[in-house]
Number of protein chains: 2
Amino acid sequence: MKKAAATRLTILQKAFELIYAQGYQATSIDEIIATTQVTKGAFFYHFKNKDEMGLAIIEEILKPTLTGSFIQPLTSNENPLKAIYDLMYYLLIKDKFLKPEYGCPAANFTHEMTSWNTHFSKALNELTGQWMQVMTQALERGKKQGWVGKEVNPRQATLFIMSGYWGIRNLGKLGNKTYYTAYLKELKRYLDQLR
Amino acid sequence: MKKAAATRLTILQKAFELIYAQGYQATSIDEIIATTQVTKGAFFYHFKNKDEMGLAIIEEILKPTLTGSFIQPLTSNENPLKAIYDLMYYLLIKDKFLKPEYGCPAANFTHEMTSWNTHFSKALNELTGQWMQVMTQALERGKKQGWVGKEVNPRQATLFIMSGYWGIRNLGKLGNKTYYTAYLKELKRYLDQLR
DNA sequence: ATAAAAAAATACTGATTAGTAGGTTACAAA
DNA sequence: TTTGTAACCTACTAATCAGTATTTTTTTAT
């Protein structure tokens, strides 16, 4: 029971890395099993097809990561505007797993899968929805505590901030890493204007 | 000489539509020639391989469109903040060619190709660079004319705005079209704060 | 220890992929 | 009208793809 769970996890992790760097469709099962040293029989024992593996990656790799790195920092009781900026700074500059040239895993998935696979859309919608909800709540809390201006619409602002993050992650692929720092400066400006 | 140019253009246009809806890798040459009624021999007479066709789409379809719809509206001498908002409103709401569920063609290409094909990166970088340059210039002009605050950094603001646009185009794929209107409202707020 | 079931290995299939080889038609200039 | 070439067509290939059938090994329960 333990060894099996380990190989399953190995497949998911290695596959995730490959997909993050190359895209879902460009990553073949043959390539996954070659880099994991797992045979095809073992692969299809754990996943009945490629898409089921893709969904498992979202559920078992992406979602826990999101909860840890993207959501928890927004649940504190400090100034949400500061928390949001710090989070973005961390994600764009500090985090050594997310690479500019590969963009954002969730955004990549969304881009690639949404138009043809509704299961993926649903799973990804939950993913982003969760993040947006937490950020919205943080801004609402900030309003009550006086950190955030009364005229601010939390849901609207959240959407705006998230759009910016998704966009800069994609734009950042086009080479210039200075994009990130310039983006962050303007993000700070924008956040300051929310009071 | 004329018939040939016509078939070439047909291929590019139909292929663009398919790729816009499905992605580059998911669109096979066989599918392209099936929908265009062009034979494989004709296809490979006009393009020496699939990637060359992809680059031709960027150069001959995407770039001219960009110039017409994305750039020209920013070259007027009116308030650039209004011009930017109107442009975004047009692109997100009015334009009937760009569909929410398919996102932005240029962003899609970037997402899918950048990490593994440097030729595409270069072409796409030119594309976005051109748009950013024009928007930056519009904001600089606006500063001189008093439309835009003196403390505003045009390049920085442009990057921020473009990030938002690319991001909302991608987020918009996840179903809810109300994302667009909420985004536009907050964009207005942001633009107003640039004076 | 042994039977049963779980996990993994091997070797394959049929479909699809990008691309090619070689021939045919259409059209221009001479 | 002939001839050369641009444009196009048909039929194929080799590689790769996701997925399967069958067998073997490993683990677990008794």
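This is a predicted model, so every value here is computed, not measured. Throughout, a chain's letter reflects where its sequence line sits, starting with A, and its residues are numbered from 1.
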Problem set entry | Interatomic distance, Lys50(A) NZ vs dT16(D) P [rounded to whole Å] | 15 Å

Problem set entry | Asp51(B) CG - dT17(C) C1' separation (whole Å) | 14 Å

For this session: Could you check which of dG19(D), dG19(C), dA7(D) has an atom nearest any side-chain atom of Ile29(A)?
Result: dG19(D)

Problem set entry | Sugar-phosphate or base contact per nucleotide [nucleotides 20-25 of chain D; S, B, -; heavy atom under 4.0 Å] | B-----

For this session: Could you tell me whether Lys185(B) sits above the aromatic face of Phe160(A), with NZ or CZ closer than 6.0 angstrom to the six-membered ring centre and within 45 degrees of the axis?
Result: no

For this session: Determine whether the aromatic ring centres of Tyr165(A) and Tyr183(A) lie less than 6.0 Å apart.
Result: no

Detail all sub-3.5 Å separations between protein N/O atoms and N/O atoms belonging to nucleotides 13-15 of chain D.
none

Problem set entry | Whole-Å distance separating the CD atom of Glu31(B) from the C1' atom of dA18(C) | 14 Å

Exercise. What do you reckon, is CZ of Arg189(B) surrounded by more than 12 foreign heavy atoms closer than 6.0 Å?
Worked result: yes

For this session: Please determine if a side-chain N or O atom of His46(B) lies less than 4.0 Å away from the OP1 or OP2 oxygen of dA6(D).
Result: no

Problem set entry | Per Ala42(A) side chain, nearest of listed nucleotides dA18(D), dA9(C), dC9(D) | dA9(C)

Problem set entry | Value in whole Å for how far the P atom of dA8(C) lies from CZ of Phe47(A) | 11 Å

Problem set entry | Residues Glu140(A), Lys144(A): salt bridge by 4.0 Å N-O rule | no

For this session: Starting from P on dC12(D), measure out to CZ on Phe43(B) and report it in whole angstrom.
Result: 22 Å

Exercise. Thinking salt bridges, do Glu60(B) and Arg8(B) make one under a 4.0 Å N-O criterion?
Worked result: yes

Exercise. With a 3.5 Å cut-off and no angle check, do the side chains of Tyr190(B) and Glu186(A) form a donor-acceptor pair?
Worked result: yes

Problem set entry | Closest to side chain of Ala4(A), choosing from dA8(C), dA18(C), dA6(D) | dA8(C)

Exercise. Which part of the nucleic acid, if any, lies within reach of Thr39(B) when heavy atoms closer than 4.0 Å are counted: base, sugar-phosphate only, or nothing?
Worked result: base

Exercise. Out of curiosity, does Tyr85(B) fall in the hydrophobic cluster containing Met135(B) (side-chain heavy atoms, cut-off under 4.5 Å, transitive links)?
Worked result: yes

Problem set entry | Whole-Å gap separating P (dG19(C)) and CD1 (Ile33(B)) | 13 Å

Seminar exercise, completed: Whole-Å distance, Tyr45(B) OH to dA18(C) P, equals 22 Å

Exercise. Same cluster for Leu9(B) and Phe47(B) if Ile/Leu/Val/Met/Phe/Trp/Tyr side chains link at under 4.5 Å?
Worked result: no

Problem set entry | salt_bridge(Asp86(A), Lys82(A)) N-O dist < 4.0 Å | yes

Exercise. Is the phosphate of dC8(D), meaning OP1 or OP2, less than 4.0 Å from a side-chain N or O of Thr7(B)?
Worked result: yes

Exercise. Linking I/L/V/M/F/W/Y whenever their side-chain heavy atoms sit closer than 4.5 Å, directly or via other members, would Ile33(B) and Tyr45(B) fall into one cluster?
Worked result: no

Problem set entry | Sugar-phosphate only, base, or nothing, as touched by Asp30(B) at under 4.0 Å among non-hydrogen atoms | base

Seminar exercise, completed: Rounded to whole Å, the CD1-C1' distance (Ile32(A) to dA18(D)) equals 11 Å

